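Have a look at the structure below, then the notes.
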Amino acid sequence: MDKQEEISPSATKKLLQLSGPKARTLEEFSLHSHDLTASLQLLEALNNKALSSEVRKGLWYHAITIFYKCFKHSDARRRLWPQVVFAKRPDLMPAYNFFLNLRDRHIVHDDNPYIKAYVGVYVNKENDTYTVEDVVSSVAIFDILDENRWRIFCELASYAIQWVEKEKTRLKNLLKAECEKKSPQELDSLKELAITIPTLNQVSEKKEVEF
């Protein structure tokens, strides 16, 4: 066997760590892409009519929650700005604002009339007296998952993913061009990329990031 054929790809290729503003921004867009893609996958899963109403509601709520995770402030990554993402589709902004209010005031918190609790008393009237039968408490939830709202939110998520993917491609091309200009010595000075698995104790820790 030829010696060249015995050399494994790992012996000829290295995965090196990139840093700097462009690399950091690409990391952030990768996180946004992951969340937005997951949101759309959850929306597609709602087409399974065999799911119970509670499971479908859970998928719906989670799809909306992780979508807006990308547009909310975080110390770990810079947010997406809807005015930038949807600059060429201003017609989507009313839908963006509707689902944002739904997320903030109904799904995550309990600030609007979409869910209400009631307390009442069952009484039986006999002649001029009342007999108390029972005190009841219940919750009324106004369902907002229908075909039209599902379709609109799918369009919102799909467009956001397309926008983020274009930005990722643009940044990848810029970084690739920069790396191609580096000398072998400069490339050799870069650290190999390593992924560390977090420990259970780190569940309460913030990850270290640089902007």
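These numbers were taken from a predicted model, which means no experiment stands behind them.
Looking at Leu40 and Leu36, their side chains never come closer than 4.5 Å, going by heavy atoms from C-beta outward. You'll find the side chain of Phe71 reaches within 4.5 Å of the side chain of Pro82, heavy atoms only. Counting heavy atoms from C-beta on, the side chains of Tyr114 and Ile144 come closer than 4.5 Å. Contact of the Phe142 side chain with the Ile115 side chain is not registered, since no non-hydrogen atoms from C-beta on lie closer than 4.5 Å. In this structure, Lys116 and Tyr118 have side chains that are in contact, with non-hydrogen atoms separated by less than 4.5 Å. When side chains are defined from C-beta on, Arg149 counts as touching Phe98, because their heavy atoms get closer than 4.5 Å. Side-chain contact between Trp163 and Phe86 is absent, with no heavy-atom pair separated by less than 4.5 Å. Residues Arg77 and Cys70 meet the side-chain proximity criterion, which asks for heavy atoms closer than 4.5 Å.
How far NE2 of His34 is from CD1 of Ile161: 11.5 Å, rounded to the nearest 0.5 Å. For the atom pair CG (Leu26) and CZ (Arg170), the distance works out to 10.0 Å, reported to the nearest 0.5 Å. Taking SG of Cys179 as the reference point, atom CG of Leu190 lies at 7.0 Å (rounded to 0.5 Å). A distance of 7.0 Å separates SG of Cys154 from CD of Glu44, quoted to the nearest 0.5 Å. If you take OG on Ser30 and CD on Glu165, they are separated by 8.0 Å, rounding to the nearest 0.5 Å. Separating the CD1 atom in Ile64 from the CG atom in Leu59 is a distance of 11.5 Å, to the nearest 0.5 Å.
In the model, Glu126 has no side-chain atom that pairs as donor or acceptor with a side-chain atom of Thr131 under 3.5 Å. At a cut-off of 3.5 Å, with distance as the only test, no side-chain donor of Arg79 or His32 sits close to an acceptor on the other residue.
Residues Ala87 and Pro90 come closest through the heavy atom pair O-CD, 3.7 Å. Annotation for Ser39 and Ala63: closest pair OG-O, 2.7 Å, computed over non-hydrogen atoms. The shortest non-hydrogen separation linking Leu43 to Ala157 is CD1-CB, 4.3 Å.
In this structure, the side chain of Asn127 does not engage the main chain of Thr129 through any donor-acceptor pair within 3.5 Å. With hydrogens and angles ignored, the 3.5 Å screen pairs a side-chain donor or acceptor of Asn48 with a backbone N or O of Ala50. In this structure, Tyr68 contributes its side chain and Leu100 its backbone to a donor-acceptor pair below 3.5 Å. A donor-acceptor pair is defined here as one N or O able to donate and one able to accept, closer than 3.5 Å; no such pair exists between the side chain of Trp60 and the backbone of Leu46. Although no hydrogens or angles enter the test, the distance criterion places a donor-acceptor pair under 3.5 Å between the side chain of Glu186 and the main chain of Ser183. Ser33 places no side-chain N or O within 3.5 Å of a backbone atom of Phe29 that could act as its donor or acceptor partner.
Lys176 has a carboxylate O that lies under 4.0 Å from a charged side-chain N of Glu180, or vice versa, which qualifies the two as a salt bridge. With salt bridges taken as basic N to acidic carboxylate O contacts below 4.0 Å, one links Arg89 and Glu155. Between Lys22 and Glu178 there is a salt bridge, since at least one side-chain N of the basic residue sits less than 4.0 Å from a carboxylate O of the acidic one. The existence of a salt bridge linking Asp188 and Lys182 is excluded, since no basic side-chain nitrogen approaches an acidic carboxylate oxygen closer than 4.0 Å. Here Glu28 pairs with Arg24 in a salt bridge; the nearest charged N to carboxylate O distance falls below 4.0 Å. Ion pairing of Asp104 with Lys72 is present here, as a side-chain N (NZ or NE/NH1/NH2) and a carboxylate O approach within less than 4.0 Å.
Linking Ile, Leu, Val, Met, Phe, Trp and Tyr whenever their side-chain heavy atoms come within less than 4.5 Å leaves Leu193 and Leu175 in two separate clusters. When the side chains of ILVMFWY residues are joined at heavy-atom separations under 4.5 Å, either directly or via intervening members, Leu171 and Trp81 end up in a single hydrophobic cluster. Follow the hydrophobic side-chain contacts under 4.5 Å out from Val132 and you never reach Val136; the two are in separate clusters. Taken together through direct or relayed side-chain contacts under 4.5 Å among Ile, Leu, Val, Met, Phe, Trp and Tyr, Val119 and Val139 form parts of separate hydrophobic clusters.
Ring to ring, Phe153 and Phe99 are close: their centroids are under 6.0 angstrom apart. When ring centroids are compared, Tyr159 and Tyr96 stay outside the 6.0 Å threshold.
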**Request:** Check the pair Asn173 / Thr169 against side-chain contact (heavy atoms from CB on, under 4.5 Å), numbers first and verdict last.
**Result:** CA-CA 6 Å; Asn173 290 336; Thr169 299; 3.8 Å; yes

**Request:** Dump the intermediate steps for side-chain contact (heavy atoms from CB on, under 4.5 Å) on Glu133 and Val123, then the final yes or no.
**Result:** CA-CA 5 Å; Glu133 183 176 321; Val123 295; over 6 Å; no

**Request:** Determine, stepwise, if the pair Ile152 / Asn148 fulfils side-chain contact (heavy atoms from CB on, under 4.5 Å).
**Result:** CA-CA 6 Å; Ile152 293 172; Asn148 184 53; 3.7 Å; yes

**Intermediate values then yes/no, side-chain contact (heavy atoms from CB on, under 4.5 Å), Asn47 and Trp150** = CA-CA 10 Å; Asn47 286 322; Trp150 175 86; 3.6 Å; yes

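In the displayed structure, Arg105 atom CZ is contacted under 6.0 Å by at most 12 heavy atoms of other residues, nucleotides or ligands. The number of heavy atoms from other shown groups lying within 6.0 Å of NZ (Lys168) is above 12.
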